[in-house]
Trainee: 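One structure coming up, written as structure tokens, with questions to follow.
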Amino acid sequence: MTTLESPAQRLAALAARYWELECRELPLTAALAGIALPDAVLFRESAEDHARRNRHAGELLADTEQIDARDLTVQEKATLALLKRELSGLRAQYAVESHLRPWLFPAGPDFTAVFWANSASVSDAATAVQYVDRLATLPAYLRDVQTNIEVGYTRGYRYPRAVLKAGAGNTRGILAAPAEASAWLSPFKRSPSNLAAVQTQATRALALVRETLMPALHTWANFLEGLLARGARDTLSCIDGPAGAEYYRVWVHHFTSTAIEPEEIHALGLAEVERIEAEIAAVATNAGFDGNLANYRAFLASDPQFVAPSAAALRQSVEALCKRVDRRIPEFFGLIPRITYGVQSMAEAVSARMPPAYAQPSAADGTTAGIFWISGLPSKAPTYLHPALVLHEGWPGHLMHLALLNEQSGIPAFRRYGAVKYTACIEGWALYCETLGIEMGVYTTPHEHYGRLEMEMWRAVRLVVDTGIHVKGWSREHAVAYMTDRLTLSRETIEGEVDRYAALPAQALGYQMGNLKLRELRRRAESVLGPRFQHRRFHTAVMTAGAVTLPVLDDLVSDWLRREQQDETTNAA
């Protein structure tokens, strides 16, 4: 005799099956979530791996179509919509052979391996052995990605010359550090254990890095440089290749989490640039430049007062600002994560090709704190950008948001640990936090207010430049010139940004798209609730939604608003 399951039960079982698939097929996801793995493999990137994932995704997707959503709760409907989105996305990415033209920069396999090492922890002999066993699998990961690229080459896929140079340069930068100072030894340096068995594994890790991993990375860098002589493209657009237009559309829909088309994004970007430019002109007047924006930008870009004297001084300044922001958090947020975070400087050798700052989330199992990485080159992070950078990368931005997601035990695991797949939601929140800093009193000078607007302008020009490159065929120089005319960022930084947009088609679109949606939801909540609006309640509604698409976020916040109105009616009665 069988028991008929309800739609909610079938959905929960399907969500659990999908999470099992993710953990099996994408072991790094499981490792970062603190899930035990059956073997040491962290990456499954062979052609067979990708084909198998595509097949299983199709099977699960068919099962989602059998679930009747009419009796599901709002959160359950969100889970079903996200399941369908992720499974159909996997199949769409496979259909355009994304695995045969994988990303090389800045989130190439070398960076991903470093990211894992910086997130890993070693607490005893068993975890030390496990860590080194995983470390030993990285050369095979690099070889699998290289093999995929070689197959893609036979299909006619070519990388832009600028992307290959940037990717190889990033790897060379990682290799510039001696083995004992590399990220792959960092878990042992952070370890509180003095056990001899742990130290034995640290010695084993050092030998492995020197004798196996670093040679494999040299081979990887040589491979990328070799592709330059084998027909690299001088153009940047991913559309300049087989199935390029469909490839770009797939990633536009993935990173914006909407059905918006590239031409619409380009037009929206132009309008956003015009809006922000007007706000910046007003700040320039307040700063004493009477609306002369060109002179104000030249002043900000050239005056030495805005550049910290050293990487250590830059880090210390950011650390102090983080604590100043922390004091205001309880006034605006009723839900605060248990985990902490710290600030570290990027290695100077890789800072030139990296953004001014980025966030590395705390481990899901609470064994390592989050890290706010700040550039090792002070000129890349001028002081007038510091408040916006802190709000975006630290608290209440990424490091607070992602830590809270790890604590959301009431949602399925694939949602709890899936933030990386929802750029528009995650980055939109961080950008919203930059503006929230006005209400929090974080910005104290016109220059810092300019820094906030500069950061938003940076995200707005991405809407124009990314689509300009990939849809309108902009050259690298055209893209650099467009950004240089609107930002105080150094030319080196802007060139790195343009190379990033070429290397990661559509990824940069999610930021401002998410920001605009968060602001829209905030205005709606204020309009509906009037004087009853509370920051703490609104922020809890957004942050407990999990990592979601923008349409699903709209559904969940709208449901929260309905419940708030019902409470008001009940209390009034």
Trainee: First locate atom CD of Glu261, then atom NE2 of His266, and finally report the distance between them rounded to the nearest 0.5 Å.
Mentor: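 If I round to the nearest 0.5 Å, the distance is 15.0 Å.
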Trainee: Salt bridge check: are Glu246 and Arg249 linked by an N-O gap of less than 4.0 Å?
Mentor: yes
Trainee: Taking the side chain from His392 and the backbone from Cys433, do they hold a donor-acceptor pair closer than 3.5 Å?
Mentor: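 No: the side chain of His392 does not pair with the backbone of Cys433.
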Trainee: Between Pro27 and Arg44, which heavy-atom pair has the shortest distance, and what is it?
Mentor: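 Heavy-atom minimum between the residues: CG-NE, 3.7 Å.
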Trainee: Are any of the side-chain heavy atoms of Arg134 and Trp116 separated by less than 4.5 Å?
Mentor: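 The answer is yes; the side chains approach within 4.5 Å.
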Trainee: Can you tell me how far apart CD (Glu497) and CZ (Arg462) are? Round to the nearest 0.5 Å.
Mentor: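 Rounded to the nearest 0.5 Å, the CD-CZ separation comes out at 4.5 Å.
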Trainee: Quick one: OG1 on Thr540 to CZ on Phe333, what's the gap to the nearest 0.5 Å?
Mentor: 8.5 Å
Trainee: Given side chains that start at C-beta, do those of Phe115 and Leu28 come closer than 4.5 Å, heavy atoms only?
Mentor: no
Trainee: Could you tell me which non-hydrogen atom of Ile339 sits nearest to which non-hydrogen atom of Glu407, and how far apart they are?
Mentor: N-OE2, 4.2 Å
Trainee: Under 6.0 Å between ring centres: does that hold for Tyr131 and Trp184?
Mentor: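 No, too far apart.
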Trainee: Short question: side chain of Arg52, backbone of Glu25 - any donor-acceptor pair under 3.5 Å?
Mentor: no
Trainee: Flag the pair Met400 / Pro337 as yes when at least one side-chain heavy-atom distance between them is below 4.5 Å, and no otherwise.
Mentor: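 SC-SC contact between Met400 and Pro337 confirmed.
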Trainee: Given Val350 and Phe111, is the side chain to side chain contact (heavy atoms under 4.5 Å, CB included) satisfied, shown in steps?
Mentor: CA-CA 10 Å; Val350 300; Phe111 175 83; over 6 Å; no
Trainee: For His470, which of Tyr501, Tyr247, Tyr248 qualifies under ring-ring contact (aromatic ring centres under 6.0 Å, His included)?
Mentor: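 It is Tyr248; the other options fail the test.
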Trainee: Any donor-acceptor pair under 3.5 Å linking the side-chain atoms of Gln507 with those of His254?
Mentor: no
Trainee: Atom CG in Leu453, atom OG1 in Thr435: separation rounded to 0.5 Å?
Mentor: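 Between Leu453 CG and Thr435 OG1, I get 8.0 Å after rounding to 0.5 Å.
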Trainee: When you measure from the side chain of Arg459 to the backbone of Leu431, do you find a donor-acceptor pair of N or O atoms at a distance under 3.5 Å?
Mentor: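 Between the backbone of Leu431 and the side chain of Arg459 there is no qualifying donor-acceptor contact (under 3.5 Å).
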Trainee: How about Thr73 and Gln75: does a side-chain donor come under 3.5 Å of a side-chain acceptor?
Mentor: no
Trainee: Could Arg10 and Asp68 be called an ion pair, given the rule that one side-chain N must be under 4.0 Å from one carboxylate O?
Mentor: no
Trainee: Under a 4.5 Å cut-off applied to non-hydrogen side-chain atoms, are Leu11 and Leu83 in contact?
Mentor: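 Counting from C-beta outward, Leu11 and Leu83 do come under 4.5 Å.
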Trainee: Could you tell me which non-hydrogen atom of Leu42 sits nearest to which non-hydrogen atom of Thr137, and how far apart they are?
Mentor: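 Heavy-atom minimum between the residues: N-OG1, 4.0 Å.
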Trainee: Which heavy-atom pair separates Ala403 from Ser362 by the least distance, and what is that distance?
Mentor: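 Scanning both residues completely, I find the closest heavy atoms to be CB-OG, 4.0 Å.
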Trainee: Not counting sequence neighbours, which residues clear ring pair (Phe, Tyr, Trp, His ring centres under 6.0 Å) with Tyr511? List them please.
Mentor: none
Trainee: Is the shortest side-chain N to carboxylate O distance from Glu20 to Arg17 below 4.0 Å?
Mentor: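 No salt bridge links Glu20 with Arg17.
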Trainee: Side chain to side chain contact (heavy atoms under 4.5 Å, CB included), that's the test. Do Leu61 and Leu90 meet it? Break it down for me.
Mentor: CA-CA 10 Å; Leu61 187 59; Leu90 275 172; over 6 Å; no
Trainee: Identify the two heavy atoms, one from Ala357 and one from Glu393, that lie closest to each other, and give their separation to 0.1 Å.
Mentor: O-OE2, 3.4 Å
Trainee: Any donor-acceptor pair under 3.5 Å linking the side chain of Lys380 with the backbone of Met354?
Mentor: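 Yes; judged by distance alone, with no hydrogens or angles, the pair exists.
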Trainee: Quick check: does any side chain N or O of Ser351 sit under 3.5 Å from a backbone N or O of Ser375, one acting as donor and the other as acceptor?
Mentor: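 It does not hold such a pair.
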Trainee: Among Val464, Ile260, Asp466, exactly one meets side-chain contact (heavy atoms from CB on, under 4.5 Å) together with Ile265. Which residue is that?
Mentor: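 Exactly one option meets the side-chain contact (heavy atoms from CB on, under 4.5 Å) with Ile265, and it is Ile260.
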Trainee: Nearest 0.5 angstrom please: Leu399 CG to Tyr341 OH, how far?
Mentor: 7.0 Å
Trainee: Quick one: is the NZ or CZ of Arg415 closer than 6.0 Å to the six-membered ring centre of Tyr422, and within 45° of its axis?
Mentor: no
Trainee: Can you tell whether the side chains of Glu526 and Arg522 come within less than 4.0 Å, N to carboxylate O?
Mentor: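 Yes.
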Trainee: So, Arg416 side chain and Asn406 main chain: donor-acceptor pair closer than 3.5 Å or not?
Mentor: yes
Trainee: Regarding Asp555 and Ser558, do their side chains bring together a donor and an acceptor under 3.5 Å, going by distance alone?
Mentor: no
Trainee: Output all residues satisfying ring pair (Phe, Tyr, Trp, His ring centres under 6.0 Å) with Trp429, sequence neighbours left out; order by chain, then residue number.
Mentor: His401, Tyr432, His539
Trainee: Donor-acceptor check, side chain of Ser191 to backbone of Val122, threshold 3.5 angstrom: yes or no?
Mentor: yes
Trainee: Side-chain contact, heavy-atom cut-off 4.5 Å: Val74 with Trp560?
Mentor: no
Trainee: Looking at Arg324, Arg328, Lys323, which hits salt bridge (Lys or Arg N to Asp or Glu O under 4.0 Å) with Asp326?
Mentor: Lys323
Trainee: Using a strict cut-off of less than 4.0 Å between a Lys/Arg side-chain nitrogen and an Asp/Glu carboxylate oxygen, indicate whether Asp559 and Arg563 qualify as a salt bridge.
Mentor: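 Salt bridge flag = yes for Arg563 with Asp559.
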Trainee: Does atom CG (Asp39) have a neighbourhood of more than 12 heavy atoms from anything else shown, all under 6.0 Å?
Mentor: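 Yes, CG of Asp39 has more than 12 neighbouring heavy atoms, counting only those of other groups under 6.0 Å.
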Trainee: Determine whether Glu279 and Met457 make a side-chain contact, defined as any pair of heavy atoms from C-beta on separated by less than 4.5 Å.
Mentor: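 SC-SC contact between Glu279 and Met457 ruled out.
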Trainee: Is there a side-chain contact between Met513 and Leu463 in this structure, where contact means two heavy atoms from C-beta onward sitting under 4.5 Å apart?
Mentor: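 Counting from C-beta outward, Met513 and Leu463 do come under 4.5 Å.
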Trainee: Would Glu331 and Met440 count as a side chain to side chain contact (heavy atoms under 4.5 Å, CB included) here? Give the steps.
Mentor: CA-CA 9 Å; Glu331 300 170 44; Met440 296 176 72; over 6 Å; no
Trainee: Measure across Asn118 and Ser186 and return the closest heavy-atom pair with its distance rounded to 0.1 Å.
Mentor: OD1-OG, 3.7 Å
Trainee: Measure the shortest side-chain to side-chain distance between Trp251 and Ser98 over non-hydrogen atoms and say whether it is less than 4.5 angstrom.
Mentor: yes
Trainee: Examine distances only and state if a side-chain atom of Asn148 and a backbone atom of Glu45 form a donor-acceptor pair shorter than 3.5 Å.
Mentor: yes
Trainee: List the steps, then state whether side chain to side chain contact (heavy atoms under 4.5 Å, CB included) holds for Phe538 with Val557.
Mentor: CA-CA 8 Å; Phe538 172 72; Val557 173; 4.3 Å; yes
Trainee: Distance from Gln360 atom CD to Thr368 atom OG1, nearest 0.5 Å?
Mentor: 7.5 Å
Trainee: Taking the side chain from Gln408 and the backbone from Leu404, do they hold a donor-acceptor pair closer than 3.5 Å?
Mentor: yes
Trainee: Between Phe533 and His535, is the gap from one ring center to the other below 6.0 Å?
Mentor: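 That pair passes the under 6.0 Å test.
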Trainee: Got a salt bridge between Glu520 and Arg523, using NZ or NE/NH1/NH2 to carboxylate O under 4.0 Å?
Mentor: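 No, no charged N to carboxylate O under 4.0 Å.
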Trainee: Hey, could you give me each pair passing ring pair (Phe, Tyr, Trp, His ring centres under 6.0 Å) that has a residue in residues 47-89? Not counting sequence neighbours.
Mentor: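 Counting only pairs at least two positions apart or across chains, the ring pair (Phe, Tyr, Trp, His ring centres under 6.0 Å) contacts touching residues 47-89 are His50-His99.
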Trainee: Could you tell me whether Glu272 and Arg519 have a side-chain N and a carboxylate O separated by less than 4.0 Å?
Mentor: no
Trainee: Under 3.5 Å, is there a donor on one side chain and an acceptor on the other for Glu456 and Gln512?
Mentor: yes
Trainee: Return yes if a side-chain donor-acceptor contact under 3.5 Å exists between Glu434 and Tyr443, otherwise no.
Mentor: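 No - no donor-acceptor pair under 3.5 Å links their side chains.
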